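Take a look at the structure set out below.
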Amino acid sequence: MDYDDIQKLFLEKGFFFPSSEIYSDAPAGFWDYGPLGVNFRNKFIESWRKNIVRRDGMIEIDGSQILSKNVFVASGHLDNFSDPIVRCNECKSVYRADRMISDISKEIISEKLSNEDYDAKIISLNIKCLKCKNSLSPVTRFNMMYDVGIGPKGDASYLRPETCQNIFVDFLRLSKTMRIKLPIGIAQFGKSFRNEISPRQSLLRLREFYQAEIEVFFNPNNVDDLDKFSEVSDTILNIHISEDKIITNSCLELVDRGILPNKFIAYYLGLVQQFYTNNGIELEKTRFRILPDDDRAFYATHSFDFEVLTSTGWLELVACNNRTDYDLSSHQKISGKDLQILDNEEKVLPHVFEISMGVDRSLYSIVEHSYKKDGERFLLSIKPGLSPYDVAIFPLSNKNDLPAFSKKIFNSLKLDFQSFYDSSGSIGRRYRRQDEIGTPICITVDFDSIENNDVTIRYRDSMEQIRVSVSEIHHKLVEYYNK
RNA sequence: GCGGUCAUCGUAUAGUCUGGUCUAAUACGUUAGCUUGCCAAGUUAAUAACUCGGGUUCAAAUCCCGGUGACCGCACCA
């Protein structure tokens with residue numbers, strides 16, 4: 001199934017849809033989660049908590065989305081997270097200054113020059129508007145952060161462009177109150193905001209999006225002493241070094257051969273791989289791309305992008321970056337607070353390895369990899385723990401007491417399982433509807449049920465049916481979902 | 001933001017070129033009956049759309065201009 005099929009499924013079944021869509025001025029890049037999308041996302045995040053955060057003994061925070069200006073002075077986003085642009089004084093066309101200059105001069109122009117340097121080049125090359133040949137404005141910056149005015153004076157602050165800054169600015173308090181020992185992962189799930197010039201492809205590129213981020217604080221002098229490495233040493237990763245060089249090997253081998261820098265990084269890459277494999281993404285369709293120097297974010301020394309092959313090409317789901325002490329030392333400097341902590345009697349400013357997951361994209365990828373056409377049947381074969389509904393309950397007919405009997409079963413399950421009740425239409429149609437939204441189990445109440453106190457359980461993928469007594473249903477579901 | 005293409009019920013299409021017959025059609029979906037009694041059956045009825053604003057015209061879904069959005073390419077990125 002390709003992008004368009006998934007998009008249609010999302011819209012028709014109430015997973016996701018455009019925000020403000022009844023208004024014609026609805027801006028691009030904002031999407032609402034519908035009822036099925038919310039359930040699906042909650043389950044995905046719960047799996048992340050269970051299989052990464054709790055498994056590794058991490059702690060989780062939930063920070064505010066609006067942060068003060070100084071946070072972004074320190075993080076570098078005010079300086080680095082922007083493009084140099086010029087406007088035509090007459091026709092108001094907008095150009096990227098660095099690209100315009102390099103197009104005309106045929107030289108390679110850095111993105112990192114000052115506005116004045118760009119202005120000087122524009123004047124010396126006598127560059128005019130490409131459309132109307134009129135003069136250009138001085139270079140200004142288009143910053144990708146949304147600025148927000150606080151209170152009546154509109155004090156400067158910004159919507160966070162990445163969730164992780166909360167973790168860095170909260171680190172001092174967390175280190176003092178949470179009895180932290182290195183290495184420690186601090187996790188956060190929440191929204192980030194970027195004023196993209198041209199968002200596209202619905203969930204794949206948003207202006208307001210979910211991230212599930214982990215910042216692992218560690219002592220840089222102590223990266224190979226890691227007991228829990230054995231949990232991932234056999235985990236296979238595809239390491240993409242260049243287009244013609246992909247190395248597939250276990251975490252242990254990759255460290256031994258020097259392809260991954262140390263056990264510490266290999267361990268966390270292994271966790272990421274295991275997490276996605278367990279949630280239905282095939283190993284063969286994944287890779288960790290090692291980013292070359294000129295491709296990395298301004299704060300990173302090592303970057304590994306976890307990418308998944310979809311119908312739109314390779315899609316980056318997780319950015320794993322060694323941010324070193326870039327953030328903590330910078331916050332230390334700007335805030336004037338000492339952010340060092342004690343690690344075995346040694347006072348250190350921890351380094352940070354970041355695992356930054358794009359949640360919306362991950363959800364898209366999981367659906368694309370699980371949505372199939374099985375003959376005439378549309379089947380969303382996602383892992384049982386991720387499906388929007390755990391179980392659907394149907395009376396075979398609306399006659400006799402079947403609906404009342406079914407409702408009783410529904411009510412007995414709905415607090416422990418995401419349950420769905422449906423009594424209209426033919427039984428086959430109701431099964432197919434659940435298949436398409438991925439409900440792994442349907443329970444059907446028939447005329448014998450009332451007499452024998454049992455029901456039919458029908459499984460999504462195999463369409464198999466088994467007979468189960470009413471008293472066993474709850475236990476059966478607990479077992480199935482491994483709760 | 002630029003260039004190209006495009007925009008009709010929830011979805012997919014018809015109608016647009018050549019303005020009037022469009023009071024906008026069909027299928028699937030959805031809702032409510034009937035029927036059926038374990039895999040998208042049948043049947044009856046209902047539901048619901050011309051992206052927004054302006055212009056041309058006796059008359060605009062249809063022609064023109066602008067906004068917004070979508071898709072593809074450039075750039076940017078989780």
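Remember, it's a predicted structure, so these values are computed and weren't measured experimentally. Lettering of chains follows the sequences in order, A, B, ..., and the numbering in each one begins at 1.
Across all strands shown, B:U5 forms a Watson-Crick or G-U wobble pair with B:A70, both key distances being under 3.5 Å. As the counterpart of B:A12, B:U26 is assigned, both hydrogen-bonding distances of the Watson-Crick or G-U wobble pattern falling under 3.5 Å. In this structure B:C39 sits in no base pair that meets the Watson-Crick or G-U test at under 3.5 Å. Using the Watson-Crick or G-U wobble rule with both distances under 3.5 Å, B:G20 pairs with B:C58. Under the Watson-Crick and G-U wobble criteria, each requiring two contacts below 3.5 Å, nucleotide B:A45 is paired to B:U31. B:A78 is unpaired under the Watson-Crick or G-U wobble criterion, no partner having all donor-acceptor distances under 3.5 Å. Nucleotide B:C50 has no partner under the Watson-Crick or G-U criteria, as no pair reaches both atom distances under 3.5 Å.
Residue contacts for A:Asp360: at a heavy-atom cut-off of 4.0 Å it reaches no nucleic acid atom on any strand shown. Residue contacts for A:Phe447: at a heavy-atom cut-off of 4.0 Å it reaches a base atom on one of the strands shown. Base engagement by A:Phe378 is indicated by at least one non-hydrogen atom pair under 4.0 Å involving a base atom. In this structure, A:Glu376 reaches the bases: a heavy-atom distance under 4.0 Å links it to at least one base atom across the strands shown. At the heavy-atom level, A:Pro18 lies nowhere under 4.0 Å from the strands shown. Counting any heavy atom pair closer than 4.0 Å across all strands shown, A:Met144 reaches sugar-phosphate atoms only and no base atom. Among the heavy atoms of the strands lying under 4.0 Å from A:Thr444 is at least one base atom, whether or not backbone atoms are also near.
Under the 4.5 Å side-chain criterion, counting only non-hydrogen atoms from C-beta, A:Met145 is in contact with A:Pro161. The closest side-chain heavy-atom distance from A:Arg160 to A:Tyr158 is not below 4.5 Å.
Rounded to an integer number of Å, the gap from A:Leu203 CG to B:A70 P is 13 Å. Taking atom NZ of A:Lys373 as the reference point, atom P of B:A40 lies 14 Å away to the nearest angstrom. Separating the CZ atom of A:Arg460 from the P atom of B:C39 is a distance of 20 Å, rounded to the nearest angstrom. Computed from coordinates, the A:Asn195 CG to B:G1 P distance equals 10 Å when rounded to whole Å. A:Glu21 has its CD atom 14 Å from the C1' atom of B:A49, to the nearest Å. Rounded to a whole Å, the CG atom of A:Asn398 is 9 Å from the P atom of B:C34. Atom-to-atom, CH2 of A:Trp31 to P of B:G69 comes out at 13 Å; the value is rounded to the nearest Å. Rounded to whole Å, the distance from CG on A:Asp305 to P on B:C77 is 11 Å.
Checking A:Gln465 against A:Thr456 by side-chain atom types alone, no donor-acceptor pair falls below 3.5 Å. Using a 3.5 Å distance cut-off with no hydrogens or angles, the side chains of A:Ser202 and A:Gln7 do pair a donor with an acceptor. For the residue pair A:Ser469/A:Asp454, the side-chain donor-acceptor check at 3.5 Å is not satisfied. Between the side chains of A:His77 and A:Gln165, no donor-acceptor pair is found at a separation under 3.5 Å. A:Arg41 and A:Tyr210 share a side-chain donor-acceptor pair at under 3.5 Å. There is a side-chain donor-acceptor pair under 3.5 Å between A:Ser362 and A:Tyr276. Remark: the A:Tyr33 side chain and the A:Asp360 side chain contain an N/O donor-acceptor pair separated by less than 3.5 Å.
RNA chain B lies under 4.0 Å from at least one heavy atom of each of the following residues of residues 5-14 of chain A: A:Lys8, A:Glu12. Residues from residues 427-441 of chain A with heavy atoms under 4.0 angstrom of RNA chain B, sorted by number: A:Ile427, A:Gly428, A:Arg429, A:Tyr431, A:Arg432, A:Arg433, A:Glu436.
Because its NZ or CZ atom is not both nearer than 6.0 Å to the ring centre of A:Trp314 and within 45° of the ring axis, A:Arg289 does not count as a cation-pi partner of that residue.
The listed nucleotides are B:C39, B:C38, B:A78; the one nearest the side chain of A:Met463 is B:C39. Distances from the side chain of A:Ser426 to the nucleotides B:C38, B:A78, B:A41 place B:A41 closest. With B:A78, B:G69, B:G37 as the choices, the nucleotide that has an atom nearest any side-chain atom of A:Arg361 turns out to be B:A78.
Comparing the C1' positions of B:G19 and B:A60 gives an interatomic distance of 6 Å, to the nearest angstrom. B:U31 and B:A41: their P atoms are spaced 13 Å apart (whole Å). The gap from the P atom of B:C50 to that of B:G3 amounts to 30 Å, rounded to the nearest Å. Between B:C64 and B:A70, the distance separating the two C1' atoms is 23 Å to the nearest Å. Distance noted for atom P between B:U57 and B:C52: 23 Å (whole Å). A gap of 24 Å separates the C1' atoms of B:G42 and B:A48, to the nearest Å. Across B:C74 and B:U18, the matching C1' atoms stand 38 Å from one another, rounded to whole Å. If you take atom C1' in B:A12 and the same atom in B:C38, they sit 30 Å apart, rounded to whole Å.
The number of heavy-atom neighbours closer than 6.0 Å to NZ of A:Lys13, taken from other residues, nucleotides and ligands shown, is above 12. Around CG of A:Asn452, the count of heavy atoms belonging to other residues, nucleotides or ligands within 6.0 Å exceeds 12.
Taking 4.0 angstrom as the limit, A:Tyr3 places a side-chain polar atom (N or O) nearer than this to OP1 or OP2 of B:C71.
Nucleotides of RNA chain B nearest to A:Gln201 and A:Leu204 differ in position, and the one nearer the 5' end is that of A:Gln201. Heavy-atom distances to RNA chain B give each of A:Phe209 and A:Pro199 a nearest nucleotide, and the one nearer the 5′ end belongs to A:Pro199.
At a cut-off of 3.5 angstrom, the base of B:C39 holds at least one donor-acceptor pair with the side chain of A:Arg458. Counting atom types as modelled, A:Gln465 pairs a side-chain N or O with a base atom of B:C38 as donor and acceptor under 3.5 Å.
The nearest pair of heavy atoms linking A:Arg433 to A:Ser424 is NH2-O, 3.4 Å.
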